Amino acid sequence: MREEEAHYDIAVIGGGLAGTCAAIAAARLGRRVALVNNRPVLGGNASSEIRVWVCGATAHGVQRWARETGIMGELYTENQYRNPEGNPYYWDQVVLDAVHAEPNIDLYLNTDVREVDASGPADSREVHSCTGWMMGSERRITFHARQFLDCTGDGLLGHLAGAHYRIGREARTEFDEPWAQSEADRSLLGSTILFHTKDTGRPVKFVPPAHAKDLSTTPILRNRILRTGDNGCDYWWIEWGGELDTVHDNERIRDELQSVIMGIWDHIKNSGQFPDAANLTLEWVGSLPGKREYRRFLGDYVLTQQDILQQHQFEDRIAFGGWSVDLHPVQGMYADGPGARQQYGDGIFHIPLRSLYSANVTNLHFAGRNISATHVAFGATRVMATCATLGEAAGTAAALCVAEGLTPRQLATERPELVRRTLLRQDASVIGIADEDPDNLARTARVTASSWLTRLAAEPAPDAPGAPYPLTRDLALLLPVDPALDTVDLLVHGAPDGRSRELTVELWGTGHPENAVPVDHLLTTTVTVPPDGPHWVTARLDHHPDTSRNAILVVRACTDTALVLLPVRTDGVLALRRKVEGDAAVDHDIPEEDGQLVVEWQARGLRRQSFAFRATPDTTAFHPERAVGGYQRPYGGPQMWSSGPEGDAEWLRLDWDDERELAEIRLVFDDDVDEYLNNLHRHRTPYEVMPELVRDYRVQSRDAAGAWHTLLTVTDNRRRHRVHTLEGADGGPVRTGALRLVVDATHGARRAHVIAFKAYGA
Ligand SMILES: Cc1cc2nc3c(=O)[nH]c(=O)nc-3n(C[C@H](O)[C@H](O)[C@H](O)COP(=O)(O)OP(=O)(O)OC[C@H]3O[C@@H](n4cnc5c(N)ncnc54)[C@H](O)[C@@H]3O)c2cc1C
């Protein structure tokens with residue numbers, strides 16, 4: 001056995017997606033980081049040991065333009081490229097490679113942290129070190145660090161350090177949350193074990209073990225639907241332990257879950273009710289319960305249900321989510337009602353930095369399922385891509401605390417802009433925050449381009465004539481209004497009975513700029529549609545908002561008429577349709593609540609398509625200036641430069657009045673954050689790389705004589721965010737009065753898109 005002492009700037013305990021992203025974020029900011037995980041595989045509940053699929057703000061496509069960027073975005077897109085079929089072992093390698101790519105991280109797997117050295121009064125504790133036992137290696141390692149992150153999910157590090165936390169559900173009186181209990185209690189979301197089956201190609205038997213549960217003694221057969229084709233996350237409802245202590249009773253919970261899985265499989269194989277299961281066998285059964293909930297630490301702010309549903313715009317927001325408030329009955333699989341209740345706001349929600357550090361431990365951040373949120377709000381923040389963005393934010397904050405000599409509270413309250421600016425510089429996801437980084441010299445440049453897209457339209461072409469889409473329900477188009485929307489022509493099939501129809505067309509605002517649903521009614525007009533057709537008909541809108549914003553053109557249902565649906569993606573535009581009775585729910589096992597605009601107005605099923613339209617006047621939504629000092633993702637408009645429809649080698653250019661010394665550029669390309677990439681379970685995306693992403697490009701500088709010199713050439717790019725060091729002939733920074741980004745090819749899209757072009761001095 002060995003005793004070891006290890007010294008770091010930052011110790012991240014827990015290697016789920018929150019801890020992994022926290023460690024990567026801190027390491028990229030130059031800090032020496034220990035990443036300590038008590039299991040042999042990174043990824044926590046997402047690992048092949050447990051196999052929960054990574055969901056996030058896109059919420060299976062319910063939310064729009066909501067995929068995470070930053071480190072989670074890199075993991076998603078890398079996984080999509082390497083592993084479009086969602087193999088859980090390939091995913092493990094994607095996560096592991098991302099950690100191995102950071103020379104500043106030392107990874108300690110199989111290392112269970114059980115002891116903490118902390119001191120100070122109860123309201124101002126400080127962690128000095130924590131100690132873990134590396135299983136199989138007989139190494140007892142003490143990690144000394146200036147900042148600690150508890151990303152253990154269960155929150156053992158913080159508990160041992162004396163951090164305040166709670167376990168269980170709040171009383172409604174505390175935060176006035178609509179879904180809170182009348183009395184506080186210690187109930188939780190329960191734990192789950194998943195399993196996978198495979199077809200052996202010939203009949204195979206299953207002899208149940210002695211501990212297999214007789215399902216007829218449970219309410220499961222009455223309340224849950226068993227299907228032979230189900231696998232993995234389809235069985236999320238095999239949940240138990242919400243009325244127990246999900247940590248101290250973990251062994252008992254595992255035994256119960258295992259016995260129910262064997263009982264379910266016995267029922268499927270041997271009850272005679274599933275003849276199509278004859279060839280199926282169990283391929284994999286988890287051996288560790290996936291834990292949903294345990295400690296939730298108390299930070300300087302406790303996130304609530306209202307914050308989620310009303311989309312509270314925190315000054316210190318550092319991440320966002322988009323999952324519904326998703327709570328389960330504490331009885332889990334033995335509950336009589338549905339396995340979950342879910343509710344969305346009108347779009348994504350924001351999370352403040354004050355929910356990511358301890359209110360009473362002066363050098364402790366946390367991220368993941370243990371953040372400072374009520375039980376109800378945790379119902380929305382707990383999905384893993386959201387946990388990952390929280391990890392990136394907490395890791396960034398911890399690194400800045402070390403660099404600036406600040407406590408987490410000082411950083412959050414005195415320097416919140418530093419955290420946001422650093423996150424934006426790294427292309428992390430902070431919604432509605434423009435790049436105001438004074439170090440970004442591009443913000444002082446004139447921005448021009450070879451061309452830019454001015455015409456907002458989707459029109460039939462010989463190879464894409466489109467198809468009638470009946471107006472048996474309300475349909476809509478989300479359009480960027482920049483600066484105005486005078487008219488919209490729609491291509492409409494009239495009635496076959498020889499009579500005209502009056503079409504009601506409305507224009508709606510979206511409320512918050514990040515939303516993509518009709519919230520505020522702006523105007524109504526009517527349009528006459530002649531019979532037969534299709535005909536172009538014109539809706540007069542004369543809409544001139546004070547600031548450029550998306551608006552939603554709603555076409556009300558109208559008998560015997562149809563819009564034309566085209567199989568083309570139109571930049572900055574979304575097609576929507578209103579839910580009608582009989583539409584499939586997002587999750588067939590969960591009833592959908594009424595009055596949720598993101599559920600009522602569906603983008604699902606219409607992505608990368610558009611109703612035929614053409615708008616006037618020309619738009620400036622894709623002006624080259626949108627690529628400098630902008631929001632870095634759709635926010636009230638597309639927020640990017642798009643080249644015009646024609647031309648090779650389109651370019652985007654920065655010009656300064658005097659020469660500048662430039663040492664680094666950062667580029668953000670469009671990888672279509674509307675496409676959701678949750679392929680670790682049943683969702684599949686047809687693209688290994690998003691077609692809009694720039695593939696080949698060059699960066700050039702101009703000399704005093706006006707000649708352009710290529711500084712770097714990139715081919716086969718697969719990354720949204722690229723950082724390049726610029727070197728002049730003397731090895732120092734490049735002196736130039738102009739930079740040019742030349743786009744030689746995309747991964748398939750017709751136009752060049754650039755979301756951000758940034759330049760920094762030495
Ligand atoms: C069955 C189930 C279904 C779910 N459904 C979904 C879903 O569909 N999509 C989705 O995105 N989310 C889902 N969730 C929620 C999600 O999995 C969790 O909220 C998320 O995993 C939390 O991430 P985390 O990084 O905070 O914690 P975890 O994923 O729990 O990771 C914590 C890590 O810390 C390690 N650790 C713990 N204690 C110590 C210690 N003392 N020392 C060292 N290491 C330690 C653990 O081994 C683990 O690797 C589900 C959860 C469960 C259980």
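None of the values given here were measured: they were computed from a predicted structure. Excluded from the calculations below are hydrogen atoms, water molecules and symmetry mates; all remaining heavy atoms, backbone and side chain alike, are included. Whatever order the structure lists them in is the order used to number ligands and atoms, beginning at 1.
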Can Glu675 and Arg720 be counted as an ion pair, charged N to O under 4.0 angstrom?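 No, Glu675 and Arg720 are not salt-bridged.
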Residues Asp97 and Arg82 bridged, charged N to O under 4.0 Å: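 Yes, this pair counts.
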Judged by modelled atom types alone, do His375 and Glu293 share a side-chain donor-acceptor pair under 3.5 Å?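 Looking only at side-chain atoms, Glu293 and His375 do form a donor-acceptor pair, the distance falling under 3.5 Å.
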Please check if any side-chain donor atom of Tyr294 sits under 3.5 Å from a side-chain acceptor atom of Asn370, or the reverse.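 Result is no, nothing qualifies.
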Within the protein, flag every N or O under 3.5 Å from an N or O of ligand 1, and note the pair and distance.
unit_1	atom_1	unit_2	atom_2	d
ligand 1	8 (O)	Trp53	NE1	3.2
ligand 1	9 (N)	Trp53	O	2.8
ligand 1	11 (O)	Trp53	O	3.4
ligand 1	11 (O)	Cys55	N	2.9
ligand 1	11 (O)	Cys55	O	3.3
ligand 1	11 (O)	Met384	N	2.7
ligand 1	17 (O)	Asn45	ND2	3.0
ligand 1	19 (O)	Arg382	O	2.5
ligand 1	21 (O)	Asn45	ND2	3.1
ligand 1	25 (O)	Ala18	N	3.3
ligand 1	26 (O)	Arg369	N	3.0
ligand 1	29 (O)	Asn45	N	2.9
ligand 1	30 (O)	Arg369	NE	3.2
ligand 1	30 (O)	Arg369	NH2	3.1
ligand 1	36 (N)	Asn38	OD1	3.4
ligand 1	38 (N)	Asn38	ND2	3.4
ligand 1	41 (N)	Asp112	OD1	3.4
ligand 1	41 (N)	Val113	O	3.0
ligand 1	42 (N)	Val113	N	3.1
ligand 1	44 (N)	Asn38	N	3.0
ligand 1	47 (O)	Asn38	OD1	2.5
ligand 1	47 (O)	Arg39	NH1	3.3
ligand 1	49 (O)	Asn37	OD1	2.7

Pair Arg67, Asp672 - check salt bridge (charged side-chain N to carboxylate O under 4.0 Å, His left out), show working. CA-CA 8 Å; Arg67 200 179 72 239; Asp672 190 8; 5.9 Å; no
What about the rings of Trp53 and His683, do their centers lie closer together than 6.0 Å?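 No - the distance between ring centres of Trp53 and His683 does not fall below the 6.0 Å cut-off.
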